[in-house]
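Before any comments, here is the structure.
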Amino acid sequence: MGKRPIQQKINRAILITSTAVLLLTVLAYLTYEYLTFREVTLERVSTLGEVISTNSTAALAFDSQKDAFEILSALKADEHIVAAALYDEGGNLFSKYPMDLNETLLPERINQIGYNFEGTYLHGFHPIILGSKPIGTLYLEYDLKSVYKQLAYFSLVAFVVFLLSLFMAYLLSYKLQKRIANPIISLANVAQSISIPKDYSVRAIKQSEDEIGLLTDAFNKMLTQIEEQSFALQESEEFSRTLLESTPDCVNALDLQGRLLTINPQGKKMMEIDDFNKVHGRIWTDLWRGDYHSEALTAVERARNGEIGHFQGLSATMKGNLKWWDVLIAPVYGPERKVERLVAVSRDITKLKELEQQKDDFIGIASHELKTPVTSIKAYTQVLQNRFLKNEDFQSAHMLTKMDNQVNKLTNLIGDLLDVTKIETGKLQFKEELFNFNDLVSDIVEEIQRTTERHEVVQKLGPTIEILGDRDRIGQVITNLLTNAIKYSPRANQVIVKTELGNEEICLSVQDYGLGLSEDDKVKVFERFYRVGESGQETFPGLGLGLYISAGIIQRHNGKIWAESKKGKGSTFCFALPLKNVNSDIKKILT
Amino acid sequence: MNNVIRKKILVADDDPSILEVMKIMLEQVGGYKVTTTTDGESVLDLRNELPDLVLLDLWMSGSDGSEICKSLKSNERTKNLPVIIFSANRDVDIISKSAGADDYLAKPFQMDDLLEKVERLTKKSIRLL
């Protein structure tokens with residue numbers, strides 16, 4: 001019966017209104033009655049006074065107390081007159097009614113002419129006039145008790161009527177309020193029946209066309225929307241749950257302090273967690289050691305600032321098995337677009353890392369094994385060349401020079417294979433030393449010049465400087481740029497090498513008059529395995545690794561490398577190495 | 001050159017064809033007396049006469065050239081014996097330095113480089129004797 005309030009409220013409103021109206025009516029009625037009674041009584045008494053006064057004129061004039069008493073005795077007809085008296089001209093008591101009335105009950109002297117209500121009595125004085133001369137005064141005392149009794153009786157009747165009316169009002173309101181309350185109650189019932197089992201397919205029945213009917217319609221429409229939304233939400237939750245449970249990754253939810261809140265089932269398996277309570281609330285970044293710990297902290301910090309953190313690291317499972325992980329940390333936003341939580345998705349890349357290691361090992365062994373026969377070939381070539389020179393067979397010796405150049409090319413290709421893996425794994429080692437930049441350029445130009453007959457390598461070298469870096473590696477870059485320039489300008493006969501010393505960097509450029517590059521190629525040439533190739537056009541040999549390795553070397557020296565070119569107009573490849581760390585290092589050496 | 005006592009050089013490598021061609025280079029072009037071995041450990045077994053220079057391959061089956069070099073350099077009798085480490089490993093310079101070798105040679109090498117290095121170090125060994 002929790003639906004009482006609305007009914008009670010309507011009942012109460014009707015009853016209060018009825019009570020107020022009835023009360024006002026009864027009060028008005030009683031007031032009217034009271035006033036009317038008083039007025040009528042006053043008029044009766046004053047008429048009576050007039051009659052008695054007129055009749056008493058003779059008695060007073062002839063001083064007959066017997067007559068006066070008889071006249072007063074006529075007052076018997078009105079039982080309400082409880083006392084009456086006649087006074088002579090001098091104000092002395094002349095006659096009184098009833099006969100046995102105690103004189104002390106009468107007024108001591110004549111007061112003002114006129115009638116007054118006093119307590120339950122109406123009393124007053126009436127002048128007795130003969131001609132136009134007052135000859136005495138009449139006193140009358142009227143008992144109002146019976147009048148008031150009648151008034152009280154009226155009040156009782158009014159009160160009973162009031163109660164009956166109120167009861168009627170209650171009965172009527174009890175019946176009538178249902179017409180207003182019932183649709184609201186049934187709507188409330190529907191709402192309640194939905195809120196507990198959350199069954200949004202229920203609809204309220206429209207019972208009227210008034211505001212409640214509108215409310216019912218709006219309510220039903222709202223239900224339809226909620227039903228649709230909850231269905232969509234359920235679907236999306238189901239999708240997320242399936243995603244979380246079927247993902248091969250370890251998905252951790254962290255709070256902003258980096259504490260572990262939850263982990264998906266797959267994650268528990270991957271992390272070999274038997275009892276999640278043991279790890280719940282632990283600082284997630286503490287799972288990482290050494291360098292990976294600081295990388296994890298950086299990634300968490302990024303995510304807290306609304307970015308995506310990423311790193312790869314080695315971490316042990318709960319059972320102490322070391323695994324490689326690729327980790328992405330993303331922010332989770334709350335309703336106010338503030339980062340509230342973090343999600344860390346860790347992918348087990350142990351297998352990948354193992355394969356990578358195997359690949360690196362393989363390439364390491366392969367390049368070593370390839371170099372061994374090449375070493376023999378090169379050595380025999382040189383021994384033979386030495387012999388031919390001794391025997392002055394210059395033609396054969398020259399052929400062997402060419403053979404030696406080819407062997408060098410082969411050696412470089414093998415070297416490139418090894419370098420690519422090293423660049424990719426960040427293991428490219430540098431042997432830093434101070435060296436004269438232009439001297440290195442000249443040495444390499446001299447070497448390259450020996451391998452080409454068609455092209456002249458023109459040197460336009462600016463001021464030189466000692467720089468700090470890996471001389472062999474930078475030499476490798478210059479060699480690569482020069483051999484490319486020659487290779488890709490088969491019909492030109494000049495390649496220009498320029499060096500330029502700036503305030504903060506030293507630049508080298510190699511310009512050719514060859515095929516040139518398209519806009520797209522200018523960037524792509526530095527990508528791994530990328531080769532400028534056009535179907536149907538001339539093809540050029542190579543693995544497509546040279547510029548990729550060159551870019552890797554220059555980047556490791558904090559320099560930059562780029563290409564300037566127009567299709568068909570030749571290309572210029574440039575690199576710039578910063579002098580900043582060089583100068584400070586020179587200072588270090590000097591002091 | 002024939003009147004001078006020919007310097008003795010020991011070459012260790014696990015590849016016979018390399019040993020063969022290096023022997024040719026060092027004997028016919030360089031004029032040295034060359035002994036070769038494919039067994040790295042045998043280099044340490046120097047009971048009799050010491051060579052004037054040892055050429056060691058870094059990565060031999062069964063033994064590690066840099067370990068052999070370290071043993072030679074820590075032995076009182078052989079610590080002044082010049083050692084050149086040669087290898088196809090690109091980091092041969094770093095490895096040879098840490099092993100205490102006197103010089104290094106990256107495979108494949110130029111004959112002139114080999115002869116120049118051997119000559120410089122054998123001359124030095126005369127001074128030391």
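Protein chains get the first letters and strands the later ones, always in sequence-line order, with residue 1 at the start of each. Owing to the predicted nature of the structure, the values given are computational and were not obtained by experimental measurement. Computed from heavy atoms alone, side chains included, the values below leave out hydrogens, waters and symmetry copies.
Every side-chain contact (heavy atoms from CB on, under 4.5 Å) that A:T411 has, sequence neighbours left out, goes to A:V374, A:V407, B:P108. Evaluation of the ring pair (Phe, Tyr, Trp, His ring centres under 6.0 Å) rule for A:H368 yields B:W59 as partners, not counting sequence neighbours.
Annotation: residues 352-361 of chain A contacts chain B through no residue [non-hydrogen atoms, separation under 4.5 Å]. Residues of residues 378-390 of chain A lying under 4.5 angstrom from chain B, judged on non-hydrogen atoms, are A:K378, A:A379, A:Y380, A:Q382, A:V383, A:N386, A:R387, A:K390 in numerical order.
Between chain A and the options B:D112, B:I24, B:D93, the largest number of non-hydrogen pairs under 4.5 Å is found for B:D93.
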Could you go through B:Q110 and A:N408, starting from their C-alpha distance and side-chain angles, then the distance that decides it, and tell me whether this counts as side-chain contact (heavy atoms from CB on, under 4.5 Å)? CA-CA 10 Å; B:Q110 293 287 338; A:N408 286 344; 4.1 Å; yes
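Residues A:E369 and B:D15 form no side-chain contact, since every pair of their non-hydrogen atoms from C-beta on lies 4.5 Å or further apart.
Within 6.0 Å of CZ in A:F573 there are more than 12 heavy atoms belonging to other residues, nucleotides or ligands.
Atoms CE and OG1, on B:M22 and A:T375 in that order, are 9.5 Å from each other to the nearest 0.5 Å.
Within the 4.5 angstrom heavy-atom criterion, no atom of B:L114 approaches chain A. Of the two parts of A:D419, only the side chain, counted from C-beta on, holds a non-hydrogen atom closer than 4.5 Å to a non-hydrogen atom of chain B.
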